[in-house]
Amino acid sequence: MRLLIRNIKTLAQVETGAERKSRVYGQDMGTLPCLDDAWLYAEQGMIHSFGTMDTLPAELQADETIDASGRMVLPTWCDSHTHLVFAAPREQEFMDRIKGLSYEEIARRGGGILNSARRLNETSEEQLFEQALQRLEAVIAQGTGAIEIKSGYGLCTEGELKMLRVIRRLKEVAPIPVKASFLAAHAFPPEYKENHKGYIDLIIDEMLPRVAGEGLADYMDAFCEKGFFSVEETARLLEAGLKYGLKPKIHANQLHRSGGVQVGVQYNAISVDHLESMGEEEIDALKGSNTIPTLLPGAAFFLAMHYQPARALIDAGLPVALASDYNPGSCPSGNMNLLLSLACTQLKMTPEEAIHAQTINGAAAMELEQQLGTIARGKKASLILTRPVPSLAYLPYSFGENWIERVIV
């Protein structure tokens, strides 16, 4: 299949040099390289070449040609943090929060993650797969071109394996890259409420060997938070995961300054995610590390919490990423276009910064930066074609409008 897109109003997030970006840092996120009045040519699903219209070779032959007059083309969004596989929504807890209960109070009552775990363990693998596939197709239609999906609603060996097998099936059928994270350390199941060591032993001694033996996960994750997994418990889990080749990713500092950022950096985590509760100590720990701070403002929005300090992180020179946190409890949305608007209105990021955070830096948070995240020769032709729009700033500005005309993956 040969595809030519011509008369592109703006071709955004381009790389024209031979050297590829691995991520974009700090104030460099404020500049988005673009070509106006451009064309792009793809062969067999890969970007072959691109340039301004005055350089379009006359000899190019295409099976499909798109006239993109008045439209923009961007790389697809890279969503590096989701819980896409779940059994049922949790709208009753949404009502409870409206009536004044906090996220932590709902969790203490057996809601939250434990609620999702009960429902998941009652649901067949086939049902979970069909539901998750529908959600995946929906987010692809909204511009997502790569996604990470976590387990963590099983909280027992068979439940966690069931989730990870569903994610593996999604990998096999999805037209986009899918990464899997093993997150049995999401909460303590009721039978281990007073026996934390017992549950951690179960994860390390029983679950991990089976997860690794079946090749079910790319990453090891843990919810390092007050009332969940301590720094010491998280460190033990990450060390165990590394022995099986599972690189760390951390849920860190959502509710408190938990030490999650520091333990993530200590173990060279690919990313530390959430980061609503941050101070200078956490920012200093991230400086000079390879760990990507990944912000999830959709969860802060839905839980009516304070937002992440994106400006402080960017001003410190860090490569900020944005991800949806799509899950049934704290962010029942994988719409990365809405996330773009939240980043600008609530985190005070510029449109250029937010686009970097949702493309190349999101790709880096899944180790996909050599395949996705920019318009570059040899990368996947994974593209968003907009409807006619006046400017890049219009994309986050028009938060209620579907400005996507077509997603090409």
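Looking at Q27, Q358, R311 one by one, the single match for side chain to side chain donor-acceptor pair (under 3.5 Å) with E353 turns out to be R311.
Expressed to the nearest 0.5 Å, how far CZ of R118 lies from OG1 of T123 amounts to 12.5 Å. Between atom CG of residue L340 and atom CG of residue L395 there is a gap of 6.5 Å, rounded to the nearest 0.5 Å. In this structure, the separation between CD on E160 and CG on L216 is 11.0 Å, given to the nearest 0.5 Å. Distance check: N335 CG to N402 CG gives 8.5 Å after rounding to the nearest 0.5 Å. Atom CG of L208 is separated from atom CG of L246 by 6.0 Å, given to the nearest 0.5 angstrom. Distance CG/L322 to CG/L339: 5.0 Å, rounded to 0.5 Å.
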Take S258 and E225, measure what side-chain hydrogen bond (donor to acceptor under 3.5 Å, both in side chains) needs, and give me the verdict at the end. CA-CA 5 Å; S258 62; E225 184 56 77; 4.6 Å; no
Would you please test I176 and I140 for side chain to side chain contact (heavy atoms under 4.5 Å, CB included) and show each step? CA-CA 8 Å; I176 66 171; I140 291 171; 3.8 Å; yes
Please step through salt bridge (charged side-chain N to carboxylate O under 4.0 Å, His left out) for the pair R169 and E126, ending with a clear verdict. CA-CA 10 Å; R169 289 179 66 185; E126 190 61 34; 3.1 Å; yes
Yes or no on side chain to side chain contact (heavy atoms under 4.5 Å, CB included) for I5 and L383, after CA distance, side-chain angles and deciding distance? CA-CA 11 Å; I5 309 176; L383 310 167; 4.0 Å; yes
CA sep, side-chain torsions, deciding dist, call: S116, R90, side-chain hydrogen bond (donor to acceptor under 3.5 Å, both in side chains): CA-CA 8 Å; S116 283; R90 301 200 321 241; 2.7 Å; yes
Audit row: D37, T52, side-chain hydrogen bond (donor to acceptor under 3.5 Å, both in side chains) steps and yes/no: CA-CA 6 Å; D37 190 25; T52 54; over 6 Å; no
Worked check of side chain to side chain contact (heavy atoms under 4.5 Å, CB included) between M29 and E352: CA-CA 7 Å; M29 293 177 66; E352 293 82 3; over 6 Å; no
I would like to know whether E64 and R2 meet salt bridge (charged side-chain N to carboxylate O under 4.0 Å, His left out); could you show each step before the answer? CA-CA 7 Å; E64 181 183 4; R2 297 168 298 177; over 6 Å; no
Worked verdict on N327 versus S330 for side-chain hydrogen bond (donor to acceptor under 3.5 Å, both in side chains): CA-CA 6 Å; N327 75 83; S330 60; 3.0 Å; yes
Tell me, with the steps shown, if Y25 and L318 meet side chain to side chain contact (heavy atoms under 4.5 Å, CB included). CA-CA 5 Å; Y25 292 83; L318 295 170; 6.0 Å; no
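In this structure, P319 and N361 approach most closely via the heavy-atom pair C-ND2, 3.5 Å. The minimum heavy-atom distance between S341 and F399, with the atom names listed, is OG-CB, 3.2 Å. A pairwise comparison of heavy atoms in L372 and C78 identifies CB-SG, 4.1 Å as the closest pair. The nearest pair of heavy atoms linking V272 to L286 is CG2-CD2, 3.9 Å. For L11 against A38, the heavy-atom pair with the smallest separation is CB-CB, 3.9 Å. Shortest non-hydrogen contact noted between E405 and P388 is OE1-CD, 4.3 Å.
Looking only at side-chain heavy atoms (C-beta outward), L120 and L128 come within less than 4.5 Å of each other. Here the side chains of L202 and Y192 are in contact, with some heavy-atom distance below 4.5 Å. Using a 4.5 Å heavy-atom threshold, the side chains of T55 and W39 count as touching. In this structure the side chain of M46 never reaches within 4.5 angstrom of the side chain of K379, judged on heavy atoms. Contact annotation: the side chain of P177 approaches that of K380 to within less than 4.5 Å [non-hydrogen atoms, C-beta and beyond]. For the pair K179 and K171, the minimum side-chain heavy-atom distance is 4.5 Å or more. Here the side chains of F129 and R168 are not in contact, with every heavy-atom distance at 4.5 Å or above. The side-chain heavy atoms of V231 and Q262, taken from C-beta on, include no pair separated by under 4.5 Å.
A side-chain donor from one of W77 and N337 sits under 3.5 Å from a side-chain acceptor of the other. Between T144 and D79, the side chains place no donor N or O within less than 3.5 Å of an acceptor N or O (distance only, hydrogens not considered). A side-chain N or O of D36 and one of T10 form a donor-acceptor pair less than 3.5 Å apart. No hydrogens or angles considered: a donor-acceptor pair under 3.5 Å links the side chains of N115 and E93. Checking Q13 against T374 by side-chain atom types alone, no donor-acceptor pair falls below 3.5 Å. Between the side chains of S80 and E148, not a single donor N or O lies within less than 3.5 Å of an accepting N or O.
When ring centroids are compared, Y326 and H83 stay outside the 6.0 Å threshold. Not less than 6.0 angstrom separates the ring centroid of Y307 from the ring centroid of F301. Aromatic ring centres of F228 and F223 lie closer together than 6.0 Å.
Side-chain N or O atoms of R23 include one that pairs as donor or acceptor with a backbone N or O of N290 at under 3.5 Å. A donor-acceptor pair under 3.5 Å is absent between the side-chain atoms of N7 and the main chain of D67, judged by distance alone. Remark: side-chain polar atoms of R119 are paired, donor with acceptor, to backbone N or O of P89 under 3.5 angstrom. The backbone N or O of L296 lies less than 3.5 Å from a partner atom in the side chain of Q308, making a donor-acceptor pair. For E206 (side chain) and I203 (main-chain N/O), no donor-acceptor pair under 3.5 Å exists by modelled atom type. Although no hydrogens or angles enter the test, the distance criterion places no donor-acceptor pair under 3.5 Å between the side chain of S181 and the main chain of L183.
The pair D284-K287 meets the salt-bridge criterion, since a charged nitrogen lies less than 4.0 angstrom from a carboxylate oxygen. The pair E401-R387 does not meet the salt-bridge criterion, since no charged nitrogen lies less than 4.0 angstrom from a carboxylate oxygen. Residues E137 and R135 are not paired through a salt bridge, judged by the lack of any N-O separation under 4.0 Å between the basic side chain and the carboxylate. At a threshold of 4.0 Å, the pair R210-E158 counts as salt-bridged, since one of the basic side-chain nitrogens sits closer than that to a carboxylate oxygen. Of the charged side-chain nitrogens involved, none lies within less than 4.0 Å of a carboxylate oxygen, so that R20 and E369 do not count as a salt-bridged pair.
Cation-pi check for R377 over Y41 is not met; the charged atom does not lie both under 6.0 angstrom from the ring centroid and within 45 degrees of its normal. Within the cation-pi definition used here (under 6.0 Å to the ring centroid, within 45° of the axis), K249 qualifies as a partner of Y219.
Ring planes of H274 and H251: tilted class, angle from 30 to 60°.
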